[in-house]
Amino acid sequence: MDYSLAVETALQRLHDEGRYRTFIDIVRTQGQFPHAMWRRPDGPETPVTVWCGNDYLGMGQHPDVLAAMHEALDATGAGSGGTRNISGTTAYHKALEAELADLHGKQSALLFTSAYIANDATLSTLPKLFPGLIIYSDELNHASMIEGIRRNGGAKRVFRHNDVAHLRELLAADDPAAPKLIAFESIYSMDGDFGPMAEICDLAEEFNALTYLDEVHAVGMYGPRGGGVAERDGLMDRIDIINGTLAKAYGVMGGYIAASAKMCDAIRSYAPGFIFTTSLPPAVAAGATASVRALKVDQTRRDQHQTQAKILKTRLKGLGLPLIDHGSHIVPVIVGDPVHTKKLSDMLLEDHGIYVQPINFPTVPRGTERLRFTPSPVHGPREMDALVKAMDVLWSHCALNRAELSA
C-alpha cells in the first residue's frame, strides 16, 4: 500500500468538499481580548477581532485568575509531577474540586484534563460499576459523550434530539430491572437549544434511571452562581452526574464531573482516563479556582453576556440573515454550503480583520454549514458594528439567501 498517497487522498477529499480547516497563528495580548494579532505566514502581523472563541466571559484575562496562576507558578513550578494517583494531587487540585462540588450542590467533584476526557472516561467506566447498564443518549450529544458510550461496550439507545416521547418509548421497551442512565446536554452548542431537563428528570424517576448532564456550554454563564442551566431551573438535585468544563466560561483549562462522593470515588478508582493521565498543573488549577469563585458572585458579567448575545441576534435578524435563535448565548448563522462558509470566513479575516472559523460536517450535518459567533461582555459596540456591517456586505457579495430560519 502507498501510505503517503492514502494520506494525500484523504486530505484532498477535504479540500474538494470545501471542509479543509485552516488554523491561523493568533498572538494574544493580555488585557486586550477579543483583540489579537494575526501572524501571517507571508507578511506582517495584522490586527483581528476574535469572534469564535469559547472564552465566553473573558475570564482568561481576569486579574484575579492571572494573579492566582502567577502565585501558584512561583510557589510550585510548572508541572504537577505525575498522575493524581502517584504525585499529581496537590492542595490546588483539592481546593478546585471542593469549589466545583459547592458550585453544583454535590458532595464531591473529580478533575480531568478536559471535559472531553471527563465525558469519555466516565461514560466508558459506568458499565463496570453497573453491569448490564443501558445508556440512553440524545442523538446530538457531544462527540466525547458518544465516544465514551461507544467504548464502554454496553447497551445503548439513541433517542431523537430532545424528543421526550421517543425517549419514553425506548425506556419502556427495556427490562424494568436493567440499570439505566440518560445522557444529555443542557445547551447544544451548534444550534444553541436547551435540553428538556425537567421532563427527562421526570422520566428518569419513573423508570429508575440515573441522569448524566453535560453543562459545558452553560457553567459559569447560567444560574445565580454560574452552576449552569440545572441551577437556573432548580434541578441540580435531580441530576446524578454533572459534567463541566473550565476551558470555556472559566477561561482556563480542564474538565470535571460533580456527583456523590461515592460516585466520584468509584470513577477515580476505575477510570483509565483518570488513573493514567498526568494531572493539571497546579497553576492551572489555581487559576480555575479563582475563576469559579469570581463568577459565583459576578451576576453582572453574566447579564452583560446575555445582553450582548441578544443585541447581536437582533441586529443580524434585522439584516434578514438565517439565524437560529433558541434563547441561549449561541449565535449560529446558517450558510448551508461548505465552500461558501469557508469563503465567508476567509473574507471576514482577510478584508475585515474578523476571525470566525467555519463549522462544517461532521461537527454539523451536511447542508447546515455555518458561522457560529460567540459574543462576550468585552465585545463592545465598535466590534459589533464592524461585524454586522461586514456580514451585510459579504452576504450580498456571495448572493446568499436572507430568508430567516425559524427557531
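We're numbering straight along the sequence, starting at 1.
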How are the rings of [X] and [Y] set to each other: parallel, tilted or perpendicular (split at 30° and 60°)?
X	Y	answer
H329	Y222	tilted
Y256	H104	tilted
W51	H379	tilted

Are T125 and N152 close enough, and set up right, to give a side chain to side chain contact (heavy atoms under 4.5 Å, CB included), and what steps lead you there?
-> CA-CA 6 Å; T125 298; N152 70 33; over 6 Å; no
Measuring from atom [atom1] of [X] to atom [atom2] of [Y], what distance do you get when rounded to the nearest 0.5 angstrom?
X	Y	atom1	atom2	value
L167	E199	CG	CD	11.0 Å
I146	I135	CD1	CD1	12.0 Å
L103	Y250	CG	OH	4.5 Å
L123	N243	CG	CG	8.0 Å
R372	I334	CZ	CD1	11.5 Å
D392	S396	CG	OG	5.5 Å

For the residue pair [Y] / [X], report whether a side-chain donor-acceptor contact shorter than 3.5 Å exists.
X	Y	result
Y212	N119	yes
T211	D240	yes
E215	S186	yes
R301	Q304	no

Atom pairs and distances, donor-acceptor, side-chain atoms in residues 64-78, under 3.5 Å, two or more places apart:
residue : atom : partner : partner atom : Å
T76     : OG1  : A72     : O            : 2.8

Where the side chain of [X] meets the backbone of [Y], is there a donor-acceptor pair that is under 3.5 Å apart?
X	Y	result
E383	G380	yes
E99	T289	no
S87	G81	yes
T341	P358	no
H305	P375	yes

Can you tell me if [atom1] on [X] sees more than 12 non-hydrogen neighbours from other groups inside 6.0 Å?
X	atom1	answer
Y20	OH	no
K310	NZ	no
F194	CZ	yes
R21	CZ	yes

Thinking salt bridges, do [X] and [Y] make one under a 4.0 Å N-O criterion?
X	Y	answer
R84	E97	yes
R366	E17	yes
R315	D385	yes
E45	R39	yes
D298	R302	no
R151	D120	yes
R370	D191	yes
D174	R157	yes

Centroid-centroid under 6.0 Å between [X] and [Y] rings:
X	Y	value
F159	H166	no
H142	H217	yes
F112	F274	yes

Show your working on salt bridge (charged side-chain N to carboxylate O under 4.0 Å, His left out) between D325 and K317 and close with a plain yes or no.
-> CA-CA 10 Å; D325 184 4; K317 286 179 183 178; 2.8 Å; yes
Could you go step by step and tell me if E8 and R13 meet the salt bridge (charged side-chain N to carboxylate O under 4.0 Å, His left out) rule?
-> CA-CA 9 Å; E8 291 178 10; R13 184 163 57 248; over 6 Å; no
Pair D202-R238, salt bridge (charged side-chain N to carboxylate O under 4.0 Å, His left out): steps then yes or no | CA-CA 9 Å; D202 289 343; R238 301 182 70 186; 2.6 Å; yes
Just do the side chain to side chain contact (heavy atoms under 4.5 Å, CB included) check on I354 and L349 with the steps written out, would you?
-> CA-CA 5 Å; I354 292 170; L349 180 63; over 6 Å; no
